[in-house]
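Just so you know, these numbers use all the heavy atoms, side chains as well, and skip hydrogens, waters and symmetry mates. Here is the naming used below: chain letters follow the sequence lines, and residue numbers restart at 1 for every chain.
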Number of protein chains: 2
Amino acid sequence: MSRIEYKNYDRFLLAVDCIIFGFDGNSLKALLIKRGFEPEKGKWSLMGGFAAQDESIDQAAGRILLNLTGLDQIYMEQLHCFGEVDRDPGGRVISLAYFALIKIDDSDGEKLEQHNAKWVDLRKLPALIFDHRQMIRLAKERLQQKVSNHPIGFELLPHKFTLQQLQALYEAVYETNFDKRNFTRKILSLGVLQRLDEKEKASSKKGAFYYVFDKKKYKRLESEGIKFI
Amino acid sequence: MSRIEYKNYDRFLLAVDCIIFGFDGNSLKALLIKRGFEPEKGKWSLMGGFAAQDESIDQAAGRILLNLTGLDQIYMEQLHCFGEVDRDPGGRVISLAYFALIKIDDSDGEKLEQHNAKWVDLRKLPALIFDHRQMIRLAKERLQQKVSNHPIGFELLPHKFTLQQLQALYEAVYETNFDKRNFTRKILSLGVLQRLDEKEKASSKKGAFYYVFDKKKYKRLESEGIKFI
DNA sequence: GCAAAAGTGTTGAGTTTACACCCATGT
DNA sequence: ACATGGGTGTAAACTCAACACTTTTGC
């Protein structure tokens with residue numbers, strides 16, 4: 001049981017890169033940074049960092065996300081491990097990609113500025129270093145899958161939201177349009193939304209009801225992975 | 001662009017563990033080995049090995065699978081990276097789990113014996129080292145997902161097979177039973193099966209037609225991830 | 001009073017499920 | 001001739017997609 005059993009094998013640098021999604025009411029965005037060190041300093045990149053011996057990889061991912069956004073305990077999921085030999089010109093680095101869903105308004109603006117971070121429309125990505133574009137593409141596919149049978153879309157919306165905002169989110173994720181009546185009926189039939197008495201009046205004269213999200217019913221559905229859309 | 005940029009970060013041993021699924025006509029099986037080295041020597045384990053600097057992680061996974069089964073170019077997919085600090089008492093080892101689907105009869109019996117490998121019914125798993133049981137559970141969930149919208153179930157069957165064998169496979173994967181008529185109709189309606197003139201006569205007097213698998217149509221469906229079951 | 005977004009039902013098409021009997025053949 | 005697994009059709013329930021008008025209210 002000693003720690004010398006495996007001494008003759010190669011060791012690797014282990015990076016964690018975070019695909020951080022947000023939704024601004026219109027389009028789906030990813031949080032990108034201007035890379036602050038070589039190689040590829042100054043280029044657009046995902047937020048990342050290296051894992052350390054004394055933390056689990058999930059902890060490393062959480063640390064890196066906290067570092068950039070100031071946010072803790074947010075939805076985060078391992079996406080894929082990227083391990084091509086030459087993926088990083090700076091060395092043999094294995095990258096673990098994680099994707100996270102955050103509410104744009106919750107993030108810490110100062111921290112974002114410190115890292116030169118910017119929310120970028122997923123349909124208008126700039127050139128990115130290494131295989132980061134591929135990571136984002138894969139994350140987006142995973143998000144689509146996930147959203148279709150888990151209620152994680154709610155992670156991207158403010159606490160209270162209108163049906164129109166929710167629909168806009170789903171439309172952004174799938175890059176398509178839904179029929180308002182069908183969408184409303186389907187979502188409400190799941191019974192995970194709770195209507196408030198309050199209305200959002202900014203975007204219409206009549207005003208649209210706010211909804212929140214019934215955590216108990218949500219949890220029940222989440223386990224069996226109900227079909228959402 | 002030099003290779004010294006990252007020198008101050010921790011380095012990790014990177015294991016690759018393979019969840020190898022097979023189907024014997026009745027039940028879904030995983031290929032396990034009796035571990036040949038410390039720690040936990042002699043215990044049941046997944047087949048694994050360490051990644052090397054000069055290979056990609058996918059290559060490492062392929063190498064390890066080839067090593068055990070003698071098989072090349074088989075269906076294999078990265079599952080998840082396991083990175084808890086204390087997952088391996090022999091050291092800080094990050095494990096990349098891959099899952100593979102093979103036809104049991106294709107594998108090299110001698111090689112399997114050399115590794116003390118055994119096909120084990122998924123419903124009757126022995127105690128396994130480390131987090132390997134969790135890996136298998138996750139792989140099984142992924143297999144269910146995958147099989148539902150990709151025609152990968154065929155990877156587990158012999159080249160030609162009867163509808164009954166195919167149904168038995170799906171039933172094993174989902175641990176449920178399907179109605180024969182509904183199953184047949186649905187599968188045939190996809191148009192990826194081609195009926196041969198030949199019949200399998202071993203298990204019935206009338207004989208059941210063999211089918212093979214139309215690769216062209218399969219490829220077309222695979223891309224969009226058609227709904228199978 | 002009118003512009004602008006909110007809210008709300010129905011119908012037809014297609015899909016899914018449940019269900020049972022005859023067929024071909026080796027013995 | 002009979003036992004065994006192979007092969008096939010139909011009807012009811014349900015789900016999904018398409019479609020348009022009335023309501024509210026700030027200006």
Side-chain angles (χ1 to χ4, degrees), chain A residues 24-26 144 147-149 151 157-158 160-212 221 224-229, chain B residues 24-26 144 147-149 151 157-158 160-212 221 224-229:
Chain A
D24 68 357
N26 289 303
Q144 289 180 347
V147 158
S148 78
N149 50 17
L157 290 171
K160 56 188 183 186
F161 50 85
T162 66
L163 289 178
Q164 292 32 254
Q165 290 168 341
L166 184 59
Q167 180 172 346
L169 169 60
Y170 275 79
E171 290 180 342
V173 168
Y174 286 110
E175 291 182 345
T176 185
N177 293 309
F178 297 108
D179 178 87
K180 182 170 53 158
R181 286 163 290 187
N182 292 339
F183 182 84
T184 304
R185 181 178 17 205
K186 194 155 181 182
I187 285 289
L188 290 180
S189 75
L190 295 173
V192 293
L193 291 185
Q194 213 172 332
R195 196 173 83 177
L196 303 182
D197 287 334
E198 195 184 352
K199 281 189 166 188
E200 191 270 348
K201 310 274 284 184
S203 60
S204 81
K205 293 162 185 174
K206 185 176 177 181
F209 282 109
Y210 277 120
Y211 286 78
V212 294
L221 291 186
E224 257 315 295
I226 217 69
K227 181 131 191 290
F228 258 62
I229 287 291
Chain B
D24 69 355
N26 289 303
Q144 290 180 347
V147 158
S148 78
N149 49 18
L157 290 171
K160 57 189 184 185
F161 50 84
T162 66
L163 290 177
Q164 291 33 253
Q165 290 169 339
L166 184 60
Q167 181 172 347
L169 169 60
Y170 275 79
E171 291 180 342
V173 168
Y174 286 111
E175 291 182 346
T176 183
N177 293 310
F178 297 108
D179 178 87
K180 181 171 53 158
R181 286 163 290 190
N182 292 338
F183 181 85
T184 305
R185 184 180 18 224
K186 193 154 181 183
I187 284 288
L188 291 180
S189 75
L190 296 172
V192 294
L193 291 186
Q194 215 172 331
R195 197 173 83 177
L196 303 182
D197 287 333
E198 196 184 350
K199 280 187 165 187
E200 192 269 347
K201 310 274 284 185
S203 60
S204 82
K205 293 165 183 172
K206 184 175 178 182
F209 282 108
Y210 277 119
Y211 286 77
V212 293
L221 291 186
E224 258 314 296
I226 216 67
K227 182 132 190 290
F228 258 64
I229 288 291

A:Phe183 atom CZ is separated from C:dT8 atom C1', nearest whole Å, by 16 Å
Smallest heavy-atom separation, A:Gln167 atom then A:Lys180 atom, equals OE1-CA, 3.6 Å
Would you say the rings of A:Tyr170 and A:Phe178 are close, in the sense that their centroids are separated by under 6.0 Å? no
Under a 4.5 Å cut-off applied to non-hydrogen side-chain atoms, are A:Val147 and A:Leu169 in contact? no
Can you check whether A:Val173's main-chain N or O pairs, donor with acceptor, with A:Gln144's side chain at less than 3.5 Å? yes
Atom pair CD (B:Glu200) and CD (B:Gln164), whose distance is rounded to the nearest 0.5 Å: 9.0 Å
In whole angstrom, what separates A:Leu190's CG from D:dT15's P? 12 Å
Look at all strands and tell whether A:Thr162 reaches a base, only sugar-phosphate, or nothing, counting heavy atoms closer than 4.0 Å. nothing
Would you say A:Thr184 and A:Arg181 make side-chain contact, with heavy atoms under 4.5 Å? no
Taking only heavy atoms on the protein side, list every residue of residues 166-176 of chain A lying under 4.0 Å from any atom of DNA chain D, sorted numerically. none
Rounding to an integer number of Å, can you tell me how far B:Asn177 CG sits from C:dA18 C1'? 15 Å
Tell me the interatomic distance from B:Leu188, atom CG, to D:dG6, atom P, rounded to whole angstroms. 14 Å
If you define the side chain from C-beta out and look only at heavy atoms, does anything of A:Phe209 sit under 4.5 Å from A:Thr162? no
Summary of protein contacts for nucleotides 17-27 of chain D, nucleotide by nucleotide, where a base hit scores B, a sugar-phosphate-only hit scores S (4.0 Å, heavy atoms): BBBB--BBBB-
B:Phe178 has an atom CZ; how far is it from atom P of C:dC19, in whole Å? 17 Å
With a 4.5 Å heavy-atom cut-off, do B:Tyr211 and B:Leu196 have their side chains touching? no
I need the CD1-P distance between B:Ile187 and D:dT8, as an integer number of Å. 15 Å
